[in-house]
Amino acid sequence: MSAPNKSYDPVEVEAVKPDEVARHRADALAAIAAATSLDELHQVKIAVTGDRAPLALANREIGALPPAARAEAGKRIGEARGAVKTALAERQEALEADRDARVLVEEAVDVTLPWDRAPRGARHPLTTIQERIADIFVAMGYQVVDGPEVEAEWYNFDALNFPPDHPVRDLQDTFFVAGKSTGEGQDAAGSGMVLRTHTSPVQARTLLEQGAPVYAVSPGRTYRTDELDATHTPVFSQIEGLAVDEGLTMGDLKGTLDHWANAMFGDGVVTRLRPHFFPFTEPSAEVDLQCFVCKGASVGDPDNPCRTCGSEGWIEWGGCGMVNPRVLVACGVDPERYSGFAFGMGLERSLMFLNNVQDMRDMIEGDVRFTLPFGMEI
Ligand code: DAH
């Protein structure tokens with residue numbers, strides 16, 4: 001601070017001269033207006049209002065003025081400082097408003113974005129169809145039984161009356177576990193294990209475990225050495241049915257299949273049996289399902305083709321027959337007292353015509369986009 005001024009001499013107190021004050025005031029206001037962020041404004045505020053700010057220094061010089069000049073200089077500097085303060089406050093408010101508007105845009109939450117970032121899966125339609133069929137049979141008093149997918153050759157073939165070394169075994173293009181039995185040399189027996197080629201071995205297991213009478217269905221996975229394409233897959237699923245009791249006839253078999261067809265495909269849908277051969281049933285038949293879409297109306301009517309049955313009126317569904325007495329004997333059941341029927345259907349095939357699935361590969365790829373549209377039937 002300068003020494004007190006006895007006689008007012010504005011030259012001696014440069015800082016408080018009106019021009020100087022006006023210049024400091026203008027500089028400060030310009031700096032405030034030029035601040036483009038709250039941080040910048042904070043720095044400007046220190047520069048224009050802090051202890052070292054020109055107007056603060058000028059204020060301190062007031063005391064060096066002669067008393068007569070102090071009031072006017074004080075008013076001038078006070079006004080300048082007031083204007084700076086007001087400008088700071090206004091700029092602060094404007095920059096805060098800018099920031100708030102920007103934050104609103106930048107941090108906006110789009111409530112229309114999908115919220116389901118971890119979408120739920122869906123039950124596979126093969127699982128659902130197995131449960132639907134099992135339910136139909138449970139309602140008729142059947143049990144649901146299970147068997148291993150790695151199965152002894154004996155259950156898969158021998159117990160079911162497939163003769164040893166008979167080419168009929170090759171009909172089912174088997175995956176042998178650790179080698180096929182050759183009957184010769186060290187590896188004569190092979191491992192004796194296969195990936196089951198059908199669910200029929202569960203028939204033998206159930207009869208051996210429970211004896212007769214027995215009523216059971218067994219859904220599950222089966223394997224054959226097929227290439228994967230639109231209509232074949234080396235891993236597929238079947239459902240097996242077995243009923244052994246006193247006095248069962250083919251009429252019981254037909255009635256059971258018709259009831260199943262009605263329950264699953266609609267009232268009045270019937271089945272038809274065509275003679276066939278399976279080693280484990282005698283007589284044996286292939287089961288056709290009446291087309292549940294056109295009910296046969298598309299046959300011979302080129303104007304109304306049916307996609308579901310290919311205008312055949314019938315859809316191949318599976319195999320069936322009366323349990324061969326040799327199977328009953330192999331499983332310790334007296335064929336003089338008991339008779340039985342059995343049937344087996346492919347589940348992928350059933351799904352294909354039930355839901356118009358065109359490509360079997362979709363069923364095994366595990367893509368949830370295939371599975372979801374089937375819904376969450378439980
Ligand atoms: N196991 C047969 C197959 O895989 C299907 C079959 C036919 C099962 C007749 C049966 C039956 O129970 O009686 O082709």
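Computed from a predicted structure; not experimentally measured. As the structure lists them, so they are numbered: ligands from 1, and atoms in each ligand from 1.
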In terms of relative ring orientation, are W260 and F343 parallel, tilted or perpendicular, with 30° and 60° separating the classes?
tilted
Could you tell me, atom by atom, which parts of ligand 1 come under 4.0 Å of a heavy atom of [X]?
{"X": "S200", "answer": "1 (N), 8 (C)"}
{"X": "Q203", "answer": "12 (O)"}
{"X": "Q238", "answer": "3 (C), 4 (O)"}
{"X": "G321", "answer": "13 (O)"}
{"X": "F278", "answer": "7 (C), 9 (C)"}
{"X": "F343", "answer": "8 (C), 10 (C), 11 (C), 12 (O), 13 (O)"}
{"X": "G319", "answer": "7 (C), 9 (C), 11 (C)"}
{"X": "T281", "answer": "13 (O)"}

Does the [X] side chain pair with the main chain of [Y], one donor and one acceptor, at a distance under 3.5 Å?
{"X": "S284", "Y": "T281", "answer": "yes"}
{"X": "N59", "Y": "L55", "answer": "no"}
{"X": "N156", "Y": "E151", "answer": "no"}
{"X": "N355", "Y": "M352", "answer": "no"}
{"X": "S218", "Y": "V145", "answer": "yes"}

Less than 4.0 Å is my threshold; does some heavy atom of F341 fall inside it relative to ligand 1?
no
Ring centres under 6.0 angstrom apart (F162, W154):
no
So, applying ring pair (Phe, Tyr, Trp, His ring centres under 6.0 Å) with H198, which one of F280, F278, F236 is it?
F280
Check: T197 N/O within less than 3.5 Å of ligand 1 N/O:
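Such a contact does not occur with ligand 1.
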Nearest candidate to atom 14 (O) of ligand 1, where distance is taken over non-hydrogen atoms, out of R224, H198, M345:
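Among R224, H198, M345, the closest heavy atom to atom 14 (O) of ligand 1 comes from R224.
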Distance under 6.0 Å and angle within 45° of the ring axis: does R196 meet both against Y223?
no
Any heavy atom of A342 under 4.0 Å from ligand 1? The part involved is both
Can you tell me which portion of M322 lies within the under-4.0 Å heavy-atom range of ligand 1? Options are side chain, backbone, both, or neither.
neither
